[in-house]
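Report on the following structure.
Just so you know, residue 1 is the first one in the sequence shown, and it goes up from there.
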Amino acid sequence: QVQLVESGGGLVQAGGSLRLSCAASGRTFNNYAMGWFRQAPGKELELLATINWSGSNTYYANSVKGRFTISRDNAKNTVYLQMNSLKPEDTAVYYCAGSRGAAVATSRAPFDYWGQGTQVTVSS
């Protein structure tokens with residue numbers, strides 16, 4: 001059974017930084033791509049960033065490009081999202097997701113496994 005557990009969310013002032021972590025278990029972590037999504041109240045789920053199985057290839061949504069960085073440590077079965085220059089509009093629940101494939105993804109489609117989410121609140 002695949003489990004994804006996010007951590008690192010919290011309250012931060014605008015312009016600040018947070019690093020989210022997602023610990024994975026239940027399958028061979030380094031065989032699969034991973035991703036980060038978010039959902040703000042009243043809005044649809046938004047793809048933020050994805051990373052391929054080895055970490056050599058990444059994809060970012062325009063809304064976070066240049067501010068957020070996705071990375072992974074396959075030895076620790078963990079994927080990270082470093083978030084810098086945070087804005088109030090970044091406030092949302094952030095989800096880690098596991099793909100059914102190894103390649104970097106540019107949509108929600110290949111993601112079968114989801115964490116429970118972690119709240120990020122950015123105050124102005």
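- A donor-acceptor pair is defined here as one N or O able to donate and one able to accept, closer than 3.5 Å; such a pair exists between the side chain of N52 and the backbone of N57.
- Hydrophobic side-chain contacts under 4.5 Å tie L48 into a cluster, directly or through other members, with V2, L4, V12, L18, L20, F29, M34, W36, I51, Y60, V64, F68, I70, V79, L81, M83, L86, Y94, Y113, V120, V122.
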Could you walk me through whether L45 and R108 pass the side-chain contact (heavy atoms from CB on, under 4.5 Å) test, one step at a time?
CA-CA 9 Å; L45 190 70; R108 176 183 178 177; 3.7 Å; yes

T91 and Q119: side-chain contact (heavy atoms from CB on, under 4.5 Å), yes or no, with the steps?
CA-CA 8 Å; T91 295; Q119 177 71 46; 3.9 Å; yes

What verdict does the side-chain contact (heavy atoms from CB on, under 4.5 Å) test give for R67 and K87, after you've listed the backbone C-alpha separation in whole Å, the side-chain angles of each residue and the deciding distance to 0.1 Å?
CA-CA 10 Å; R67 299 190 299 125; K87 307 173 183 180; 3.9 Å; yes

side-chain contact (heavy atoms from CB on, under 4.5 Å) between Y95 and T118: does it pass, once the steps are laid out?
CA-CA 7 Å; Y95 297 94; T118 187; over 6 Å; no

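- For N84 and S17, the side-chain atoms include at least one donor-acceptor pair closer than 3.5 Å.
- What you find for S21 and T78 is that their closest heavy atoms are CB-CG2, 4.3 Å.
- Going from atom CG of N31 over to atom CH2 of W53 covers 8.5 Å, rounded to the nearest 0.5 Å.
- Annotation: cation-pi geometry not satisfied between R100 and Y32 (NZ/CZ under 6.0 angstrom from ring centroid, within 45° of ring axis).
- Rounding to the nearest 0.5 Å places CD of Q3 at 4.5 Å from OG of S25.
- Side-chain contact between Y80 and D73 is present, with heavy atoms from C-beta onward closer than 4.5 Å.
- Residue S56 comes nearest to S54 through the heavy atom pair OG-OG, 2.9 Å, listed as atom of the first residue, atom of the second, then distance.
- Formation of a donor-acceptor pair under 3.5 Å by the R19 side chain with backbone atoms of Q82 is not found in this model.
- Residues F111 and V93 are members of one and the same hydrophobic cluster, defined by side-chain heavy-atom contacts under 4.5 angstrom among Ile, Leu, Val, Met, Phe, Trp and Tyr.
- Of the N and O atoms on the side chains of E46 and S63, at least one donor lies less than 3.5 Å from an acceptor on the other residue.
- When every heavy atom of A103 is checked against every heavy atom of A33, the shortest pair comes out as O-CB, 3.2 Å.
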